[in-house]
Amino acid sequence: MSASTPEHTSSDSTHSGETPRLRYNASLASDIEQRWQDQWESDGTYEAPNPAGPLADLAKVAGRPKLFVLDMFPYPSGAGLHVGHPLGYIATDVYARYKRMTGYNVLHALGYDSFGLPAEQHAIATGVHPRVNTEANVANMRRQLRRLGLGHDARRSVSTTDESFYRWTQWIFLKVFNSWYDEDLKRARPIDELEQGYADGSIATPDGRSWADLNKAERRSAIDARRLAYLSEAPVNWCPGLGTILANEEVTADGRSDIGNYPVFKKSMRQWTMRITTYADRLLDDLERLDWPEPIKLMQRNWIGRSEGARVHFASPVGDLTVFTTRPDTLFGATFMVISPEHPLVDALTTDENRQAIQDYRVAASAKNQFDRTDDTKEKTGVFTGTYATNPVNGAPVPVWVADYVLMGYGTGAIMAVPCGDQRDFDFARRFNLPIPAIQQPPAEWFTSRELEVQRGSTVDTSTWPEAFVGDGVYINSSNSDLTLDGLASVDEGKSVMNTWLEANGRGNANINFKLRDWLFSRQRYWGEPFPIVYDEDDQPVSLPDSMLPVLLPELEDFKPQALDPNDDVTDPIPPLARSTEWREVVLDLGDGPKKYRREINVMPQWAGSCWYELRYLDPTNTDYFVDPEVEKYWMGPADGGDGTTGHTGGVDLYVGGVEHAVLHLLYARFWHKILFDLGHVSSSEPFYRLFNQGYVQAFAFRDPRGQPVPASDVEERDGAYWYEGEKVSREYGKMGKSLKNIVTPDEMYDEYGADTFRLYEMSSGPLEASRPWNTRDVIGMQRFLQRVWRNLVDEDSGRSLVIDTPATEELRKLMHRMIDGIRADMDALRFNTAIAKLIQLNNALTQEAAAVGGSPREVVVPMVQMLSPLCPHIAEELWSRLGHDQTVTFVPFPIADQSLLVEETIEYPVQINGKVRTRLTVPHDADQATIQALALADEKVIAALDGEVPKKIIVIPGRMVNLVV
RNA sequence: GCCCCGGUAGCCCAACGGCAGAGGCAGCGGUCUCAAACUCCGUACGGUGUGGGUUCAAAUCCCACCCGGGGCACCA
């Protein structure tokens with residue numbers, strides 16, 4: 001390969017004598033960049049070879065370690081990119097390029113997450129079909145990103161809306177549907193093995209009868225009850241404003257939709273659900289084996305929300321009422337119970353005289369949206385059912401109340417209330433005058449800090465307490481004839497004693513509960529993957545065979561979701577696919593002759609495609625399988641060669657993206673990947689081994705005195721204030737957005753500076769993980785740097801090379817090796833900001849030497865261009881070519897520092913007296929401590945400063961400094 | 001309310017517990033120029049949000065608080 005390097009360019013410099021013909025400016029940069037982009041494309045420079053299949057190139061795979069670098073793929077929004085978007089893409093590109101230069105076979109590609117709500121909403125607004133709109137957006141993003149010079153393997157760029165892609169999304173859905181979770185083996189297994197287990201008696205049927213005694217419908221329901229994807233009639237998050245239901249993860253804390261901010265209501269509907277809760281333990285435990293930022297792990301742990309406790313059965317006139325508690329040890333203090341308004345036993349427990357009040361309360365509770373319902377600042381409400389249950393440890397009657405602070409979706413939807421030890425129960429008991437017996441002795445300080453007399457033993461009287469006592473305290477009033485906790489001081493011991501008693505007496509058992517709920521997997525929209533499911537004459541779901549995939553999204557005249565008032569929580573949703581009777585009603589032969597079926601008319605949620613897209617990058621053209629196992633093992637297999645269940649999990653080597661997907665995409669993708677792992681389709685047990693969260697590029701926005709945003713680019717700063725058209729405006733810091741009039745696009749940067757300058761600025765403005773403000777004013781600094789590099793190598797007027805073959809001075813050579821050493825370490829650790837600082841430092845030193853000796857020594861220029869190339873590949877390729885190379889710099893080995901040049905012969909030691917620097921000593925680098933100490937004590941300034949005093953202590957840190965303590 | 005992350009020069013940011021400054025922007029002085037732009041050279045008493053503590057030594061470790069950003073929030 002070789003891109004021709006024309007000596008003409010810079011159209012703006014041809015007629016004015018002022019700017020040199022080959023000044024490195026936006027125009028020359030643009031010329032260089034687009035020329036090399038074309039060259040890379042035609043050479044397939046960044047195409048990564050596979051070990052097998054259509055993209056195989058065994059000669060290129062051999063002897064190179066592999067590296068799979070991944071970005072969170074973008075949603076192709078119609079607004080295009082702003083300068084904040086590419087931060088992570090540039091970083092992964094720099095890293096991928098660096099790793100190629102250290103010998104790796106690097107896979108780096110970018111696809112598009114192109115199903116989803118925004119395209120559909122755009123379609124509603126414009127009447128343009130979402131596919132047309134989506135494809136136009138993808139094309140525009142491709143153009144913007146190509147101009148950045150990202151070294152992606154274009155062959156692997158898939159879109160989730162491609163039929164050849166979503167065919168496999170549907171295929172994976174069927175794998176999930178046709179699997180069950182074996183709680184003993186702790187893994188998913190094919191559904192056939194469940195049926196076999198039922199048939200041969202090794203697995204008990206739900207009601208314990210033998211398989212032979214079950215009729216067809218009962219058998220079917222026994223199997224369907226265990227599927228990992230199942231239909232359930234349950235309260236779901238219904239968002240009329242969007243015309244669809246949403247996953248818990250898509251609903252904000254104040255009960256509104258993540259997208260669009262519409263109200264969300266609880267509504268009972270029959271929906272597809274994924275049994276992610278069966279994986280709760282593994283999703284939690286395997287976090288330990290991942291190289292992820294600790295805060296993200298924490299967010300996932302919190303979301304999964306594991307609590308250890310016990311289930312306790314309280315006898316009641318209508319049967320056992322079971323509660324979940326994390327504090328079984330406090331059972332002696334349980335004086336009432338509260339059940340959720342949705343609890344199935346509410347009607348049975350309600351006595352006639354309380355029926356009207358309970359009914360009114362339930363109606364009121366169901367009318368509240370989630371926000372009102374879970375607002376913990378409000379006073380507690382509740383109604384007595386009229387019924388008493390029995391406390392299993394002391395036989396005491398406990399009134400059963402209904403209150404909306406108890407949620408049906410968590411635990412058993414019923415709690416035992418221990419008002420002395422739980423603030424909510426305490427509040428509730430005070431409000432309704434229920435007794436509050438003490439079962440733990442608070443310590444003396446607890447009373448004194450609340451300005452109470454210290455109460456002990458029989459004087460403990462909760463009626464004077466301002467609040468519940470929550471903490472460790474010796475148990476009191478906690479015994480019956482064969483169980484006593486009294487005198488114990490350890491909560492752990494109390495729990496364990498109580499759990500043993502409960503189990504021995506059949507009144508409960510130790511139990512673990514999770515906050516995580518199963519994942520609602522259907523959406524009432526058009527622009528998503530259709531389910532590969534039909535319903536038979538019994539209205540039961542049947543999976544389609546692989547040969548009928550993909551189930552294509554039908555072309556509809558009217559693809560709009562149903563338009564509803566955002567507050568209409570009564571009307572049922574009607575998915576757009578319901579409108580095509582022709583598509584919905586089909587006659588199929590599923591092995592037992594042609595029959596009539598009805599297709600599933602919901603579609604999958606946005607997250608489906610992103611649950612597995614990284615696997616398709618590996619083998620994008622495979623028509624027989626979603627990914628060739630050999631190819632998957634090569635790119636994603638466990639690094640320790642193990643089976644993935646222990647040790648290294650395998651997965652993507654580096655995954656870079658924003659923190660906003662901490663509990664959505666990252667949890668769902670892990671879940672799907674684990675199912676595929678259990679079923680033997682992938683060798684890695686986690687999709688993303690190492691995760692890195694990049695920060696956000698934010699921006700300032702300015703508002704005039706009326707609060708209207710004004711164009712940020714036209715605001716001037718004077719005397720610490722901001723002005724727009726003579727008017728003082730206020731400044732705020734936050735996101736870039738059209739409505740805030742503060743968007744800066746990559747295209748503007750390409751036009752004004754070129755892609756290399758833009759890349760360099762993005763990487764230099766701060767550490768990758770930090771958010772920082774965009775400051776167009778600062779970009780010029782990186783342009784000047786590249787100009788200086790260019791000018792050190794190329795004569796701006798003639799294009800003549802300024803590189804000389806005379807050796808560099810010792811000083812410059814040593815500096816260069818120090819920089820090589822540091823830049824390698826920075827690159828490995830993704831610290832591109834400090835790597836750039838070192839390159840500038842090196843070039844600044846080169847500039848001085850070049851001026852002194854009349855040229856730039858080749859021994860410095862060559863490594864510098866190599867080190868520059870991951871960060872700004874176009875100018876580096878151009879300079880590399882001008883240095884006389886006819887091959888791309890992409891695979892040239894990254895420079896290695898000569899360790900012998902890193903050691904300075906002498907070291908300057910600061911000498912401190914009591915921590916203050918008094919003088920400096922120049923000492924040979926190999927001087928021992930005694931020598932350094934002697935030199936320090938002999939120094940005139942030290943002698944003067946000590947003024948005859950003898951130091952009490954002398955600290956000599958080799959290579960660092962000396963401190964004398966007097 | 002609880003939990004994370006961060007506060008260093010006018011701005012963006014560097015500093016294995018060891019001389020607070022690598023780099024960039026802006027500013028200032030000089031160099032070039034008839035002048036300017038460009039270039040090149042030079043230029044930092046800010047003591048690291050506040051208050052304590054540990055240490056010979058703290059931006060760095062510990063405690064409390066303040067400010068900014070984010071997550072969770074009646075989860076029994």
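Proteins get letters first, then strands, A, B, ... in listed order; numbering begins at 1 in each. Just so you know, these numbers use all the heavy atoms, side chains as well, and skip hydrogens, waters and symmetry mates. Nothing here was measured: the structure is a model prediction, and the numbers come from that model.
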Minimum-distance nucleotide to Pro767(A) side chain [options: C72(B), A76(B), A14(B)]: A14(B)
Any Arg517(A) side-chain N or O less than 4.0 Å from OP1/OP2 of C75(B): no
N or O in side chain of Asn844(A) less than 4.0 angstrom from G24(B) OP1/OP2: yes
Asn391(A) side-chain N/O to Leu331(A) backbone N/O, donor-acceptor pair under 3.5 Å: yes
Separation of G23(B) P from Ile823(A) CD1 (nearest whole Å): 13 Å
Nucleotide nearest Asn963(A) (side chain, heavy atoms from C-beta), chosen from A76(B), G24(B), A57(B): A57(B)
Whole-Å gap separating C1' (G17(B)) and CE (Met961(A)): 11 Å
Arg960(A) side-chain N/O to C16(B) phosphate OP1/OP2 under 4.0 Å: no
Options C11(B), A22(B), U39(B), nucleotide nearest the side-chain atoms of Asp778(A): C11(B)
Lys838(A) side chain near A22(B) phosphate (N/O to OP1/OP2, under 4.0 Å): no
Which residue lies more 5' along RNA chain B, comparing Arg831(A) with Gln912(A) via nearest heavy atoms: Arg831(A)
Gap in Å between the two C1' atoms, one belonging to A73(B) and one to G21(B), rounded: 43 Å
Short side-chain N/O contact from Ser307(A) to OP1 or OP2 of A76(B), under 4.0 Å: yes
Syn or anti for G47(B) (syn when the glycosidic angle lies within 90° of 0): syn
Non-hydrogen side-chain atoms of Arg507(A) and Val393(A) separated by less than 4.5 Å: no
Spacing of the P atoms in A76(B) and A15(B) (rounded, Å): 41 Å
N/O (side chain, Asn302(A)) to phosphate O (OP1/OP2, C3(B)) under 4.0 Å: no
Touch class at under 4.0 angstrom, heavy-atom based, for Ile836(A) against every strand present: nothing
Sugar-phosphate only, base, or nothing, as touched by Leu298(A) at under 4.0 Å among non-hydrogen atoms: sugar-phosphate
Complement of C28(B), any strand, by Watson-Crick or G-U distances under 3.5 angstrom: G42(B)
Parallel, tilted or perpendicular: ring planes of His665(A) versus His661(A), cut at 30 and 60 degrees: perpendicular
Passing option when Asp427(A) is tested against Arg431(A), Arg424(A), Gln423(A), Arg430(A) for side chain to side chain donor-acceptor pair (under 3.5 Å): Gln423(A)
Inter-nucleotide P distance (U50(B), U55(B)), Å rounded: 23 Å
Heavy-atom side-chain contact between Leu666(A) and Met72(A) under 4.5 Å: yes
Side-chain heavy atoms of Met816(A) within contact of Leu842(A), under 4.5 Å: yes
Candidate nucleotides C13(B), C40(B), A76(B), ranked by approach to the side chain of Thr847(A) - the nearest: C40(B)
Span that lies between the C1' atom of G27(B) and that of A9(B), in whole angstrom: 12 Å
Out of G18(B), C56(B), G24(B), whichever nucleotide has its closest atom nearest the side chain of Met782(A): G24(B)
G17(B): pairing nucleotide in any strand, Watson-Crick or G-U under 3.5 angstrom: none
Complementary nucleotide for A64(B) - Watson-Crick or wobble, under 3.5 Å: U50(B)
Residues, nucleotides or ligands: over 12 heavy atoms within 6.0 Å of Glu811(A) CD: no
Euclidean distance for P, C38(B) against A44(B) (whole angstrom): 23 Å
Gln848(A) vs C41(B): side-chain N/O to OP1/OP2 distance below 4.0 Å: yes
G24(B) phosphate, OP1 or OP2, under 4.0 Å from Arg788(A) side-chain N/O: yes
Lys953(A) side-chain proximity, nearest of G23(B), C56(B), C74(B): C56(B)
Shortest side-chain distance from Ser765(A), nucleotide among G24(B), C12(B), A22(B): C12(B)
Leu802(A) CG to U39(B) C1', straight-line distance once rounded to whole Å: 15 Å
Minimum-distance nucleotide to Ile780(A) side chain [options: C13(B), A76(B), A26(B)]: A26(B)
Along RNA chain B (nearest heavy atom to each residue), the more 5'-positioned of Phe785(A) and Glu294(A): Glu294(A)
Pairwise P distance, G10(B) and C67(B) [rounded to whole Å]: 23 Å
Salt bridge (charged side-chain N to carboxylate O under 4.0 Å, His left out) between Glu762(A) and Arg772(A), worked out: CA-CA 10 Å; Glu762(A) 291 251 339; Arg772(A) 73 292 299 260; over 6 Å; no
Arg772(A) side chain, from C-beta outward: closest of C40(B), C13(B), C75(B): C13(B)
P-based separation of U54(B) from A59(B) [nearest Å]: 16 Å
Nearest-angstrom distance, C1' atom, C2(B) to A57(B): 37 Å
Touch class at under 4.0 angstrom, heavy-atom based, for Met299(A) against every strand present: sugar-phosphate
Of the listed nucleotides G23(B), C12(B), C25(B), the one nearest the side chain of Arg777(A): C25(B)
Watson-Crick or G-U wobble mate for C72(B), both contacts under 3.5 Å: G1(B)
